[in-house]
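Only one structure is covered here, and it is reproduced in the block below.
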Amino acid sequence: QAHVVESGGGLVQTGGSLRLSCAASGPIIMRHIMGWFRQVPGKEREFVACIDYSGSSTYYTDSVKDRFTISRDNANNTVYLQMNSLKPEDTAVYYCSPTEMYGSNWYGTMGYWGQGTQVTVSS
């Protein structure tokens, strides 16, 4: 079945950087808008960023705008999230998924989530 594998998380200090990768199982998944989401224990999963198939259009939640950059490499079925100027509030498990907008919000539409990758930012 279609799946994604997230990687690249780790432990960094405030102000540091990480580059997350999302490897999709094939090009069919990559036809969708692809997005990154994150979740803190005890809180709902929240949208972070997304990118369309061509890579021409991107959208970010306000809290990461100007710090994070989403990109994609369709030839390698991979989506990236470059995270700069990291803050403790960025600490979460990060997930990727095909993405759609409902109303004014973005949601994952794969029907299930991968393992995710842990990002921890020390204060």
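Index from 1, following the sequence. It should be emphasised that the depicted structure is a prediction, and the values quoted were computed from it without experimental measurement.
- Counting only heavy atoms from C-beta outward, the side chains of V79 and I70 approach each other to under 4.5 Å.
- Legend: residues meeting side chain to side chain donor-acceptor pair (under 3.5 Å) with Q82, ordered by chain and number and at least two apart, are N84.
- At distances below 3.5 Å, not a single donor-acceptor pair connects side-chain atoms of S21 with backbone N or O atoms of G8.
- Under the side chain to side chain contact (heavy atoms under 4.5 Å, CB included) criterion, V12 pairs with L18, L86, V121, sequence neighbours left out.
- Residue pairs meeting the disulfide bond (SG atoms under 2.5 Å apart) criterion with at least one member in residues 28-79, sequence neighbours excluded, do not occur.
- With sequence neighbours left out, the side chain to side chain donor-acceptor pair (under 3.5 Å) criterion links D62 to K65.
- Counting heavy atoms of neighbouring residues, nucleotides and ligands inside a 6.0 Å radius, atom OH of Y60 exceeds 12 of them.
- For S123, the side chain to side chain donor-acceptor pair (under 3.5 Å) test picks out no residue, with sequence neighbours left out.
- Every side chain to side chain contact (heavy atoms under 4.5 Å, CB included) that S71 has, sequence neighbours left out, goes to Y80.
- A distance of 9.0 Å separates CH2 in W113 from CD in E6, rounded to the nearest 0.5 Å.
- The hydrophobic clustering, which links ILVMFWY residues whose side-chain heavy atoms are closer than 4.5 Å, places L81 and V64 together.
- Using a 4.5 Å cut-off on side-chain heavy atoms (C-beta onward), M83 and L20 make contact.
- Annotation: disulfide bond (SG atoms under 2.5 Å apart) contacts involving residues 94-123, sequence neighbours excluded, comprise C22-C96.
- Annotation: side chain of T69 is not in contact with side chain of R19 (no heavy-atom distance under 4.5 Å).
- Considering all non-hydrogen atoms of both residues, A2 and I29 come closest at CB-CD1, 3.4 Å.
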Review point. Given Y95 and F37, is the ring-ring contact (aromatic ring centres under 6.0 Å, His included) satisfied, shown in steps?
Key: CA-CA 5 Å; Y95 303 87; F37 300 78; 8.7 Å; no
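- The two residues V119 and D90 make their nearest non-hydrogen contact at CG1-O, 4.2 Å.
- Looking at F68 and W36, their side chains never come closer than 4.5 Å, going by heavy atoms from C-beta outward.
- In this structure S104 satisfies the side chain to side chain contact (heavy atoms under 4.5 Å, CB included) test with no other residue, sequence neighbours excluded.
- In this view, S85 and R67 satisfy the side chain to side chain contact (heavy atoms under 4.5 Å, CB included) rule, not counting sequence neighbours.
- Without hydrogens or angle criteria, S97 side chain to G108 main chain gives no donor-acceptor distance under 3.5 Å.
- No side-chain heavy atom of M101 sits under 4.5 Å from any side-chain heavy atom of I33.
- Although no hydrogens or angles enter the test, the distance criterion places a donor-acceptor pair under 3.5 Å between the side chain of D52 and the main chain of G55.
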Review point. Do R31 and Y53 pass the side-chain contact (heavy atoms from CB on, under 4.5 Å) test, and can you show the C-alpha distance, the side-chain angles, and the key distance before you say yes or no?
Key: CA-CA 6 Å; R31 295 291 184 182; Y53 176 74; 3.1 Å; yes
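- A search for side chain to side chain donor-acceptor pair (under 3.5 Å) contacts involving T120 returns Q118, not counting sequence neighbours.
- Residues forming a ring-ring contact (aromatic ring centres under 6.0 Å, His included) with Y102 (at least two apart in sequence, or on another chain): Y107.
- Legend: salt bridge (charged side-chain N to carboxylate O under 4.0 Å, His left out) pairs involving residues 73-89, not counting sequence neighbours: none detected.
- Q39 is not listed as a side-chain neighbour of E44, based on a closest heavy-atom distance of 4.5 Å or more.
- Judged by distance alone, the side chain of T14 and the main-chain N or O of S122 form a donor-acceptor pair under 3.5 Å.
- Note: N74 CG to M34 CE = 10.0 Å, rounded to the nearest 0.5 Å.
- Residue I28 places its CD1 atom among 12 or fewer non-hydrogen atoms of other residues, nucleotides or ligands, all under 6.0 Å distant.
- Counting heavy-atom neighbours within 6.0 Å of N105 CG, excluding the residue itself, gives a total above 12.
- Listed for the R72 side chain is no donor-acceptor partner under 3.5 Å among the backbone atoms of T78.
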